[in-house]
Q: 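One structure follows; several queries about it will come next.
Throughout, a chain's letter reflects where its sequence line sits, starting with A, and its residues are numbered from 1.
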Protein chains: 2
Amino acid sequence: MKISQGVEWGLHCATLLALAPPDRVVRRDRLAAHYGLPEAYLAKHLQAMARAGVLHAVPGPRGGYRLGREAARITVLDVVEAVEGSTPPFLCQEIRQRGTGALPPDQCRRPCAIHATMTAADQAWRASLRTVTIADLVARLPAGVRERNEKIVS
Amino acid sequence: MKISQGVEWGLHCATLLALAPPDRVVRRDRLAAHYGLPEAYLAKHLQAMARAGVLHAVPGPRGGYRLGREAARITVLDVVEAVEGSTPPFLCQEIRQRGTGALPPDQCRRPCAIHATMTAADQAWRASLRTVTIADLVARLPAGVRERNEKIVS
DNA sequence: CCAATCGTGGACAACAAATATCCGCGATAG
DNA sequence: CTATCGCGGATATTTGTTGTCCACGATTGG
Ligand code: SF4
Ligand code: SF4
């Protein structure tokens, strides 16, 4: 089990964009250079975030990215799901219906206890990520870092 | 982000083994056949569970597997960590120390808010899995399935 | 209108991890 | 002593992640 590195990239970029003045867009090469990331690959993740509404992209000269809505209304879970997709991490293969101990399908109407347990844990994980917003992340930035990054995006 | 299918295999096998009489071992090919799994690969996961103490393996003729301790003392998290390993799913790459916006290492002593958020979510996930034991899974088996599986391992 | 800029999205390559198989080994029951 | 059975390393196959490239459309400014 492993979380894509794109999640970290997306969260850092979103936090940085939250420091920009309203309606100010930041070019992609700026974001990539600031964190030392491969621009072409970062583009993939930013595009996914834009499709999810977390970011808003502006094409053309003087184009770039800005947050799709106010930072206080973007949760960490929003970014995670935008980058990673929202497919549940535990995909059931219904092995109880295979092999010599296979059960008839009518005994498998409702998901079993194993499935329920894994799903509950996944929801606990998501609920935890939903309690933190990009605005919270910004608020917890050290003052020096905040000032420094504000200059970058202004 | 995806959870290894071996977790599902391990949980199913542990639940099945919990139905066996005490000190009764079940051969690996029985387990594999019962769920229609590749025996050689299932062996890898069972070995990992045995190393973690979740299962106990008996070599030699009449050998096989039994639970490493009573079912009520084996949590789902124990099985998950035995099979998946316990490396945290969010591995930080410290991108704040790279690129043109790199911060000096002395500003990166403590993990940032992003790291803390992901870690908290991971702990919530683990805590949820810790609340369910193999005994709980057995208790939630349909009566018919329980009887049927008890015959298999007796 | 024209040309330079910039994000879009698909195709593709390189790499890493999960999945699956095989075989020699040691332990043990009979 | 021998057949059985789990152990664990080596290895192949498949899948997913990571990274690059390029043609395209949209937009700005001249
Ligand atoms: S739903 Fe439950 S019984 Fe069916 S395959 Fe998934 S974990 Fe196994
Ligand atoms: S600790 Fe925080 S700032 Fe450093 S790389 Fe991880 S997420 Fe980024």
Q: Going by the salt bridge (charged side-chain N to carboxylate O under 4.0 Å, His left out) test, which pairs reach into residues 5-22 of chain B, not counting sequence neighbours?
A: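 Sorted result for residues 5-22 of chain B: empty, none.
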Q: Give me each pair satisfying side chain to side chain donor-acceptor pair (under 3.5 Å) with a member in residues 34-51 of chain B, each pair once, sequence neighbours excluded.
A: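 Qualifying pairs, neighbours excluded: B:H34-B:N149.
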Q: Take atom CG of B:L55 and atom C1' of D:dG6, then tell me their distance rounded to the nearest Å.
A: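 One finds 12 Å between C1' of D:dG6 and CG of B:L55, rounded.
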Q: Heavy atoms only, 4.0 Å cut-off, all strands: where does A:R28 land among base, sugar-phosphate and nothing?
A: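 Since a base atom lies under 4.0 Å of A:R28, the category is base.
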Q: Just to be sure I understand the rule, does B:R51 reach a base, reach only the sugar-phosphate, or reach nothing, if contact means heavy atoms closer than 4.0 Å?
A: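 Answer is sugar-phosphate: B:R51 comes under 4.0 Å of backbone atoms only.
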Q: Give me the residues of residues 78-92 of chain A where at least one heavy atom lies under 4.0 Å from an atom of DNA chain C, by number, or none.
A: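 Of all residues in residues 78-92 of chain A, none places a heavy atom under 4.0 Å from DNA chain C.
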Q: Let me know the distance between CZ of A:R66 and C1' of C:dC6, rounded to the nearest Å.
A: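 Rounding to the nearest Å, CZ of A:R66 and C1' of C:dC6 are 15 Å apart.
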Q: Return the nearest nucleotide to the side chain of B:R27; candidates are C:dG7, D:dC5, D:dC7.
A: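 Closest nucleotide among those given: D:dC5.
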Q: Quick one: what's the B/S/- string for nucleotides 25-30 of chain D, heavy-atom cutoff under 4.0 Å, read 5' to 3'?
A: -BBB--
Q: Identify the two heavy atoms, one from A:A113 and one from B:L137, that lie closest to each other, and give their separation to 0.1 Å.
A: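 The pair with the smallest heavy-atom distance is CB-CD2, 3.7 Å.
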Q: Please round to the nearest 0.5 Å and tell me the distance separating atom CG of B:L31 and atom NE2 of B:H12.
A: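 It is 12.5 Å, given to the nearest 0.5 Å.
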Q: For A:M1 and D:dT15, what is the distance between atoms CE and C1' respectively, to the nearest whole Å?
A: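 In whole Å, D:dT15 C1' and A:M1 CE are 18 Å from each other.
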Q: What side chain to side chain donor-acceptor pair (under 3.5 Å) pairs are there with at least one residue in residues 130-141 of chain A, not counting sequence neighbours?
A: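 As it turns out, the side chain to side chain donor-acceptor pair (under 3.5 Å) pairs with a partner in residues 130-141 of chain A, which skip direct neighbours, are A:T133-A:D136.
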Q: What is the distance from NE2 of B:H56 to C1' of D:dG6, rounded to the nearest Å?
A: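 These atoms are roughly 11 Å apart.
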Q: Sequence neighbours left out, cut at 3.5 Å: what donor-acceptor pairs do the side chains of residues 16-27 of chain B make with other protein atoms?
A:
unit_1: B:R24; atom_1: NE; unit_2: B:V153; atom_2: O; d: 3.2
unit_1: B:R24; atom_1: NH2; unit_2: B:S154; atom_2: O; d: 3.2
unit_1: B:R27; atom_1: NH1; unit_2: B:D29; atom_2: OD2; d: 3.2

Q: Give me each pair satisfying salt bridge (charged side-chain N to carboxylate O under 4.0 Å, His left out) with a member in residues 118-129 of chain B, each pair once, sequence neighbours excluded.
A: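 Qualifying pairs, neighbours excluded: B:E81-B:R126, B:D122-B:R126.
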Q: Provide, to the nearest angstrom, the distance between the CZ atom belonging to B:R30 and the C1' atom belonging to D:dT4.
A: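 It is 15 Å, rounded to the nearest whole Å.
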Q: A:Q47 has an atom CD; how far is it from atom P of C:dG10, in whole Å?
A: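 Between P of C:dG10 and CD of A:Q47: 9 Å.
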Q: In residues 55-73 of chain A, what donor-acceptor pairs under 3.5 Å come from side-chain atoms, sequence neighbours left out?
A:
unit_1: A:R69; atom_1: NE; unit_2: A:R73; atom_2: O; d: 2.8
unit_1: A:R69; atom_1: NH2; unit_2: A:R73; atom_2: O; d: 3.4
unit_1: A:R69; atom_1: NH2; unit_2: A:D78; atom_2: OD2; d: 3.0

Q: Using a cut-off of 4.0 Å between protein heavy atoms and nucleotide atoms, how would you tag nucleotides 19-24 of chain C 5' to 3' with B, S and -?
A: BBB---
Q: Do A:C112 and B:V145 come within less than 4.5 Å of each other through their side chains, counting heavy atoms only?
A: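 Not in contact.
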Q: Could you state the atom-to-atom distance from CG of B:D29 to P of D:dC7 in whole Å?
A: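 My rounded result for the distance is 14 Å.
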Q: Can you sort out the partners of A:R146 under side chain to side chain donor-acceptor pair (under 3.5 Å), two or more places apart, ordered by chain and number?
A: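 By the side chain to side chain donor-acceptor pair (under 3.5 Å) rule, A:R146 matches A:E150.
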Q: Give every donor-acceptor pair under 3.5 Å between a side-chain atom in residues 83-94 of chain A and any protein atom, sequence neighbours left out.
A:
unit_1: A:E84; atom_1: OE1; unit_2: B:M1; atom_2: N; d: 2.8
unit_1: A:E84; atom_1: OE2; unit_2: A:S4; atom_2: N; d: 2.4
unit_1: A:Q93; atom_1: OE1; unit_2: B:Q5; atom_2: NE2; d: 2.7
unit_1: A:E94; atom_1: OE1; unit_2: A:R96; atom_2: NE; d: 3.0
unit_1: A:E94; atom_1: OE1; unit_2: A:Q97; atom_2: NE2; d: 3.2

